[in-house]
Amino acid sequence: DSVLVLLASRIFVSPGASIKKLDVNMCSYADFRRHPYVGHAFAKSLVAFRQTHGDIKTLDELYQLVVVQKEEIERMKPYFSFGDDQHPNP
């Protein structure tokens, strides 16, 4: 608990901060892996699913990924976009 208290006093998030989203239809394996919540299996399955089935249009389509648990997808929900204007930096 003392570590958490110490860290909490040193962390600041600007009220106007926005989350940089990953466009699931544009990101490469390497792009996905830069995100701390996306592991090897998750990134690999996202890219493979997209190559096999085409663009991913909704979060519901991601639930078809066999190697990824629903909880992982739910945790990533705020960080994913599906073709809007917010693309990751190359």
Under the criterion side-chain contact (heavy atoms from CB on, under 4.5 Å), I'd like the reasoning laid out for L62 against V68: C-alpha separation, chi angles, the key distance, then a yes or no.
CA-CA 9 Å; L62 295 180; V68 181; over 6 Å; no

Atom pair OG (S81) and CD1 (I56), whose distance is rounded to the nearest 0.5 Å:
11.0 Å

Does K57 offer a backbone N or O that forms a donor-acceptor pair with the side chain of E61 under 3.5 Å?
yes

The test is side-chain contact (heavy atoms from CB on, under 4.5 Å); show your working for L22 and M76 and say whether it passes.
CA-CA 10 Å; L22 300 171; M76 287 300 300; 4.2 Å; yes

Does the pair E74 and K77 meet the rule for a side-chain contact (heavy atoms from CB on, under 4.5 Å), with working shown?
CA-CA 5 Å; E74 289 296 316; K77 189 188 306 189; 3.2 Å; yes

For R33 and G39 the tightest heavy-atom approach is NH1-CA, 3.2 Å

Between OH of Y29 and CG of D31, what distance do you get to the nearest 0.5 Å?
12.0 Å

Atom pair CZ/OG of R34 and S28 - distance to nearest 0.5 Å:
6.0 Å

Under 6.0 Å from the CD atom of Q69, do we count more than 12 heavy atoms belonging to anything else shown?
no

Parallel under 30°, tilted from 30 to 60°, perpendicular over 60°: which one fits the rings of F80 and F82?
perpendicular

Closest non-hydrogen contact found for A41 with V67 is O-CG2, 3.8 Å

Any chance you could measure F32, atom CZ, to L46, atom CG, to the nearest 0.5 Å?
4.5 Å

Mark yes or no for whether R50, through its side chain, and V24, through its backbone, hold a donor-acceptor pair below 3.5 Å.
yes

Has the side chain of D23 got a donor or acceptor atom that lies under 3.5 Å from a matching backbone atom of N25?
yes

Please say whether more than 12 non-hydrogen atoms of neighbouring residues, nucleotides or ligands are located less than 6.0 Å from OH in Y37.
no

Can you measure from CZ (F42) to CD (E72) and round to the nearest 0.5 angstrom?
6.0 Å

